[in-house]
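Below, all heavy atoms of this structure are taken into account, side chains as well, without hydrogens, waters or symmetry copies. Chain naming here is simple, since letters A, B, ... match the order of the sequence lines and numbering starts at 1 in each.
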Amino acid sequence: MPLTVDKRYRYLYKPLVFIACLIPLGWALGGILAPSGLLPPLPLFDLGADPVRKVLGIVGKTTLNLLLITLAVTPLRQITGNGNLIRLRRMLGVFAFFYACLHFLVYLGPFQAFSWDAIVKDIVKRPYITLGFTALLMLIPLAATSTNAMMRRLKRRWQTLHRLIYPIAILGVWHYWWQVKQDIREPLIYASILAVLLGWRLWQWQQRRVTTSKSAPPTAPEKT
Amino acid sequence: MLIRKPADIRPSEITPEAVYLDRRRIIAGLLGAGAASVLPAASPPPLAALKYTRNAGFSITEKPNTFEEISTYNNFYEFGTDKSDPAANAHTLKPRPWSVEIAGEAEVKGKFDLEDILKPHALEERIYRFRCVEAWSMVIPWVGFPLSDLIKRFKPTSRAKYVEFTTLVDRQQMPGQRSRILDWPYVEGLRIDEAMHPLTLMAVGLYGRELPNQNGAPLRLMAPWKYGFKNGKSIVKISFTEQQPKNTWNVMAPNEYGFYANVNPRVDHPRWSQASERRIGEGFFAQRHETLMFNGYADQVASLYQGMDLRRNF
């Protein structure tokens, strides 16, 4: 007997997505633990001469990747007509928050060695860090309201609140763009994908407005 | 002391020979695959050992970074913008035969074979601090000779106020130059008194051997009180000028990179602090190091900048 959609998501797709989301963490942890001899020195676990920067990059880019994948769920649903994809979105979004927190922790500890004075100065004075930190703060209410109970409690306001994901994604990509020294090719790729994902929504919104205004009766007679 | 008699091993517990041989083959296969992915397809010729003396007076006593760290973590955009790119791509550079053009305000000019450039100079090892503008640092045992000795041979005229260093342009040898990340060739420069300073080294080696390509073979500059980018690599031209050279990073982003680029913990990069640095190789949970004025060489070089506003001349 074929599995129902419910069961396929619960026992197959969701666990697979969950494991896939943990791969970057495994990579980073493997790289951190390999020099201590706890793990075999596989080439994959060689994070190079500057493991701190490498891990910061791995978890940072994973955050961006997950934000973009989360934003791609709705367009994919509409294009493929497979409404069930929405069942994966919460996990992707919460993982984006998880990696954003890890990115911040790696910055606080290994990168800044918990030098609070320097950290506060960075957040206030360095525009790209201010951007990243703002995005992280904005992710907190989204993660906090990601449960079914909160969705029910907030009703329509839940959707309004979760539109914060658009400015968060923009800030995240901007944060990345602003910290590269000269080679903006990779941030440009992120920005282009984000532009497509947000542009698609603008276009949809425009379409809906056009169709509703066409079908609506004229509200006021034209002045002559 | 009680010595226990070993328990008899039952025949069923002994692994048949065919099985354990097979197991060994699998493990060997795994190891082989691992090693193959680490080694480059064609390993480069070993770097020749150099004849040199240690110059303790010009060396710091901090522990040098490993050869591995120094030769795999490089900013050398001619071979790619990732720090691991130069080590992966620089095998295409041919550091021999090499020639260096001497030009501009000097009595002796022309194109010289590298061997003629190097011949009169005795090599020495100096262990210098290295501070990147990106707020990381290393300790590096360079082999080279004072730039001032080289400059004197070409008799710069009184109009020679600056020295300009140009890096090779060759898209075949330097694949990173196929993209226009920077305005090639890479140009750097020093004021003539900076160039003549005894600390300023023309480096030709690292850890007692010739420079690896990714570290700027065959000839690179090393002024240890300045941020790393000031030190031109794979130099093909040295030019004496009256005007201040237009150094590449200054041209690309004038508000972020100046001409002087002296290490200065009190003058931040617009996007990050220069007050402290991360020492490469100290592991994942290391403390940061305070950045020292002029990278710790203030006693020797501060007088070069007397009366100058270092905030403006960053």
Side-chain angles (χ1 to χ4, degrees), chain A residues 28-36 40-58 105-132 175-188, chain B residues 30-31 33-39 65-75 77 80-85 87-88 132-138 176 179-183 229 248-249 252-253 256-257 268-273 275-276 278-290:
Chain A
L29 281 178
I32 295 165
L33 295 176
S36 66
L42 297 175
L44 175 70
F45 293 147
D46 179 10
L47 299 180
D50 190 356
V52 175
R53 199 187 192 90
K54 184 78 186 178
V55 168
L56 206 53
I58 291 172
L105 281 176
V106 174
Y107 163 77
L108 290 181
F111 193 82
Q112 282 288 20
F114 295 112
S115 155
W116 296 107
D117 186 47
I119 290 162
V120 171
K121 264 191 208 150
D122 256 5
I123 291 173
V124 177
K125 275 177 69 180
R126 315 285 161 205
Y128 81 93
I129 295 179
T130 317
L131 292 178
H175 164 75
Y176 180 35
W177 187 301
W178 226 339
Q179 61 87 42
V180 299
K181 209 159 88 176
Q182 187 66 26
D183 186 1
I184 54 156
R185 284 174 294 189
E186 217 170 316
L188 192 63
Chain B
L30 283 174
L31 291 174
S37 56
V38 177
L39 293 170
N65 281 87
T66 64
F67 178 82
E68 168 88 9
E69 285 157 358
I70 299 167
S71 61
T72 60
Y73 195 73
N74 308 95
N75 276 325
Y77 282 17
T81 57
D82 198 88
K83 298 212 176 21
S84 57
D85 285 345
C132 179
V133 74
E134 298 165 348
W136 54 265
S137 64
M138 291 195 191
S179 64
R180 306 194 51 172
I181 292 302
L182 297 177
D183 196 3
F229 74 88
T248 300
W249 277 104
M252 301 306 296
E256 299 195 342
Y257 310 98
D268 286 342
H269 184 280
R271 287 183 286 157
W272 56 83
S273 165
S276 64
R278 288 180 313 110
R279 177 66 53 81
I280 298 302
E282 292 192 340
F284 200 74
F285 298 101
Q287 285 296 310
R288 291 179 78 99
H289 292 240
E290 300 274 310

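Looking only at heavy-atom pairs under 4.5 Å with chain B, the residue among Asp183(A), Val106(A), Ile129(A), Leu42(A) that has the most is Asp183(A). Ranked by heavy-atom pairs under 4.5 Å with chain A, the list Tyr257(B), Trp272(B), Phe285(B) is led by Trp272(B).
Counting all heavy atoms, side chain and backbone alike, Pro110(A) lies closest to Arg278(B) at O-CD, 4.4 Å. Looking at every heavy atom in both residues, Phe111(A) comes nearest to Arg288(B) through O-NH1, 2.6 Å. Minimum interatomic distance between Ala286(B) and Ala113(A) (heavy atoms only, all atoms of both residues): O-CB, 4.0 Å.
When heavy atoms are compared at a cutoff of 4.5 Å, Ser273(B) approaches chain A by way of both its backbone and its side chain. Heavy atoms closer than 4.5 Å to chain B are found in the side chain of Ile32(A), but not in its backbone. Proximity to chain B (any heavy atom under 4.5 Å) is shown, for Phe114(A), by neither the backbone nor the side chain. With a 4.5 Å cut-off on non-hydrogen atoms, Asn75(B) touches chain A through its side chain but not through its backbone. For a residue to count as touching a neighbouring chain, one of its non-hydrogen atoms must lie under 4.5 Å from one of that chain's; by this rule Gln112(A) touches chain B with backbone and side chain alike. Arg271(B) touches chain A through backbone and side chain together, each having a heavy atom under 4.5 Å away.
For Trp178(A), the ring pair (Phe, Tyr, Trp, His ring centres under 6.0 Å) partners at least two apart in sequence or on another chain are Trp174(A). Qualifying ring pair (Phe, Tyr, Trp, His ring centres under 6.0 Å) partners for Phe284(B), counting only residues two or more places apart in sequence or in other chains: none.
Residue pairs meeting the salt bridge (charged side-chain N to carboxylate O under 4.0 Å, His left out) criterion with at least one partner in residues 107-131 of chain A, sequence neighbours excluded, are Asp117(A)-Lys121(A), Asp122(A)-Arg126(A), Lys125(A)-Asp268(B), Arg126(A)-Asp268(B).
If you take CD on Gln182(A) and CG on Leu182(B), they are separated by 6.0 Å, rounding to the nearest 0.5 Å.
Taking 4.5 Å as the heavy-atom cut-off, the residues of residues 44-55 of chain A that approach chain B are Ala49(A), Asp50(A), Pro51(A), Val52(A), Arg53(A), Val55(A), ordered by number.
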